[in-house]
2 protein chains.
Amino acid sequence: MVKVLINGYGSIGKRVADAVAMQKDMEVLGVTKTKPDFEARLAVEKGYKLYAAIPERKPLFEEKGIEIEGTIFDVIEEADIVVDCTPGGVGKDNLKMYKEYKVKAILQGGEKAQYVEDNFNALWSYDRCYGKDYIRVVSCNTTGLCRILYAINSVTDIVKVRAVLVRRGADPNDVKKGPINGIVPNPPTLPSHHGPDVVSVIPELEGKIFTSAVVVPTTLMHMHIIMVETTGTTRDNIIESIEKTPRIITVSAEEGLNSTAAIIEFARDLGRMRYDLNEIAVWEESINVVDNEVFLMQAIHQESDVIPENIDCIRSMLEMVDDKMKSIEMTNKAMGLLK
Amino acid sequence: MVKVLINGYGSIGKRVADAVAMQKDMEVLGVTKTKPDFEARLAVEKGYKLYAAIPERKPLFEEKGIEIEGTIFDVIEEADIVVDCTPGGVGKDNLKMYKEYKVKAILQGGEKAQYVEDNFNALWSYDRCYGKDYIRVVSCNTTGLCRILYAINSVTDIVKVRAVLVRRGADPNDVKKGPINGIVPNPPTLPSHHGPDVVSVIPELEGKIFTSAVVVPTTLMHMHIIMVETTGTTRDNIIESIEKTPRIITVSAEEGLNSTAAIIEFARDLGRMRYDLNEIAVWEESINVVDNEVFLMQAIHQESDVIPENIDCIRSMLEMVDDKMKSIEMTNKAMGLLK
């Protein structure tokens, strides 16, 4: 059993912990928190061993009556790997500690590509990351783009990608961010950084992907409008390829799944923990091919699509399973994904 | 003085009435309402002659103490032209009445192109609509697309247009519509109907424009992400052309105009009635040309960008001014537009 330490039990960290706990070949060594909030309390109630991410803050947990095992430095040497789920920018600073303690580490998409050896998406770069020490699992948006481009690339050659990202303004529990009413070009410069982020996973798309992004007042999901010029394909080929690609499902507006809100209702009705939809949802009606260009719209659950990727990344970096599709299947089965 | 009857004093109608009243060569003959609400009361307080759009409802206005001159049938024969600002679909039904009374009429973008002789945008089809009897001023989104494509087409040849429309969910005073939280692919099929609507104004774009649209929880403005393949141009050429094109302004995110909310704040600070921004706002930072493809983002004030178009449409249909640029200039000056 591989021992996984989750550094930062927040939005991503708590999900990674739960996903690790579901796997047969890995276990949660412990989780860390910087403050004794409700998430820390629930972590302990769930049975995770809790450590203070910042040593001086350990007494704060004790004062609040939250059972704490020690600090991150009491446990880091036992870890086979650390999944760093700290807020964007902190992961980069933590790298020094991971290197000092000679422990492998996964950073999240909030960090820059330049600080790691490579960038992970299970479909595209599992093999490249195999056995590596410091890897970044790319962001929710980049993960969504990589998955759909894998499906398209499986049946045709990609000539040019144009993608518009309509991003959620804040996560559901985040009451400090906006917009509440308005649309924000973010960034206002074109192209956005999302294209280069995809290239960090799929280098062959260099110079072939152009992205732009706006932020809108919603908390549920991101949405992508995707236009991919290809050397030639058909709508049926694309649908068939999407059906074969793991972690992408098709949904039908006609069946009532006509917004991101309806898709989240679907996840709730599936009984998904925290209403997570780890799969990308592509609107079936939106899929069209005109003049060899594939058009489609997809929805991305920003809090959860990267979670199974983190699990596969652990297996790749620790050389636990050498076939990416086998790891994907193990992860999906353990987590109860649709595909 | 040309006599203009405004049928439907709602969101568009009240703005058209005010814009007509500002012109030196036309006057408001009267405005109609179906019900005695605050808009009807304010119309009378402003000095517009009010008529019941539905004859049987005339007593309702009297009961509420709102001064009413009569019904639409008491005034329609005096009109040189009717601007139909009724809700989408009603204008089509009203055409029968306009034809019976042999009065020219302008329909709005909520109606279908097939019911009219031609489709109006001042820059593109002023000459085509000259002297015609039944014309549609295209929707706010189509108007915005037509303006920016005019600017681009002025300096290069358009090969292909791809546009993603991020639409406001409801107008500011509309509390019955959504979404409140979620993104709605609308339509979920690709392409959307906006491309063909542009073609109704610019027939040479047939087969060359592909649009898609989502609706998001905001009331302020629509936003367009525009990608135009051309035979060749530069960023400077595009900026220069936008500067020369009437009713498009550039805004700078760096200067603080970094969202549709900030742009509306700008309109409020300009002292604009109802915070209307009749001009399209293009983000300066967003303008880019890569491989002869123009990329940019623009914001559309859905309640007001078509208003000056209605004024020019009146002049074209009544053969009042034969040079489109002269009419545009007259309208802009009278309304106090930036350009």
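Order of the sequence lines sets the chain letters (A, B, ...), proteins ahead of strands, with each chain counted from 1.
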request  = Search all heavy atoms of Trp283(B) against all heavy atoms of Ala253(B) and return the closest pair with its distance.
outcome  =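 That closest heavy-atom pairing would be CD1-N, 3.9 Å.
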ask   = So with a 6.0 Å cut-off around CZ of Arg268(A), is the heavy-atom count from everything else above 12?
value =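 Atom CZ in Arg268(A) is not crowded, with 12 or fewer foreign heavy atoms closer than 6.0 Å.
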Value rounded to 0.5 Å, distance of CH2 in Trp124(B) from OG in Ser200(B) =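 Between Trp124(B) CH2 and Ser200(B) OG, I get 12.5 Å after rounding to 0.5 Å.
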At a 4.5 Å cut-off on heavy atoms, which part of [X] comes close to chain B: side chain, backbone, both, or neither?
X         : value
Glu293(A) : side chain
Pro179(A) : neither
Leu220(A) : both
Met227(A) : side chain
Leu296(A) : backbone
Val216(A) : side chain

Polar side-chain atom of Arg147(B) near backbone of Arg247(B) as donor-acceptor pair, under 3.5 Å =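 Judged by distance alone, yes, a pair lies under 3.5 Å.
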Between [options], which shows the greatest number of heavy-atom pairs under 4.5 Å with chain B?
options                                    : result
His222(A), Glu284(A), Arg168(A), Glu229(A) : Glu229(A)
Asn181(A), Val184(A), Thr218(A)            : Asn181(A)
Ile183(A), Thr260(A), Val164(A), Ile225(A) : Ile183(A)
Met223(A), Glu254(A), Met221(A)            : Met223(A)
Ser259(A), Ser212(A), Pro185(A), Gly169(A) : Pro185(A)

message = Would you say that Ile226(A) contacts Gln298(A) through its side chain, given a criterion of any heavy-atom pair below 4.5 Å between the two side chains?
response =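 Side-chain contact under 4.5 Å: yes.
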query = Of Ile209(B), Val198(B), Ile148(B), which meets side-chain contact (heavy atoms from CB on, under 4.5 Å) against Val161(B)?
reply =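 For Val161(B), the side-chain contact (heavy atoms from CB on, under 4.5 Å) test succeeds with only one of Ile209(B), Val198(B), Ile148(B), which is Ile209(B).
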request  = Could you point out which residue of Thr143(B), Asp276(B), Thr142(B) forms a side-chain contact (heavy atoms from CB on, under 4.5 Å) with Asp305(B)?
outcome  =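 Passing option: Thr143(B).
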ask   = Name the one of Lys14(A), Arg272(A), Arg15(A) that satisfies salt bridge (Lys or Arg N to Asp or Glu O under 4.0 Å) with Glu303(A)?
value =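 It is Arg15(A); the other options fail the test.
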Is chain A contacted by the side chain of [X], its backbone, both, or neither, given a heavy-atom distance below 4.5 Å?
X         : answer
Ile287(B) : neither
Ile264(B) : neither
Asn288(B) : side chain
Ser286(B) : both

inquiry  = Quiz question: by atom type and distance under 3.5 Å, do the side chains of Glu285(A) and Ser252(A) form a donor-acceptor pair?
reply    =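 Side-chain D/A pair, Glu285(A) to Ser252(A): present.
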request  = Give the member of Ile263(B), Val166(B), Val215(B), Asp291(B) that has the highest number of heavy-atom pairs under 4.5 Å with chain A.
outcome  =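 Most heavy-atom pairs under 4.5 Å with chain A: Val166(B).
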request  = Could you check Lys177(B) against Asp174(B) for side-chain contact (heavy atoms from CB on, under 4.5 Å), going step by step and ending with a plain yes or no?
outcome  = CA-CA 6 Å; Lys177(B) 281 168 75 179; Asp174(B) 181 355; 2.9 Å; yes
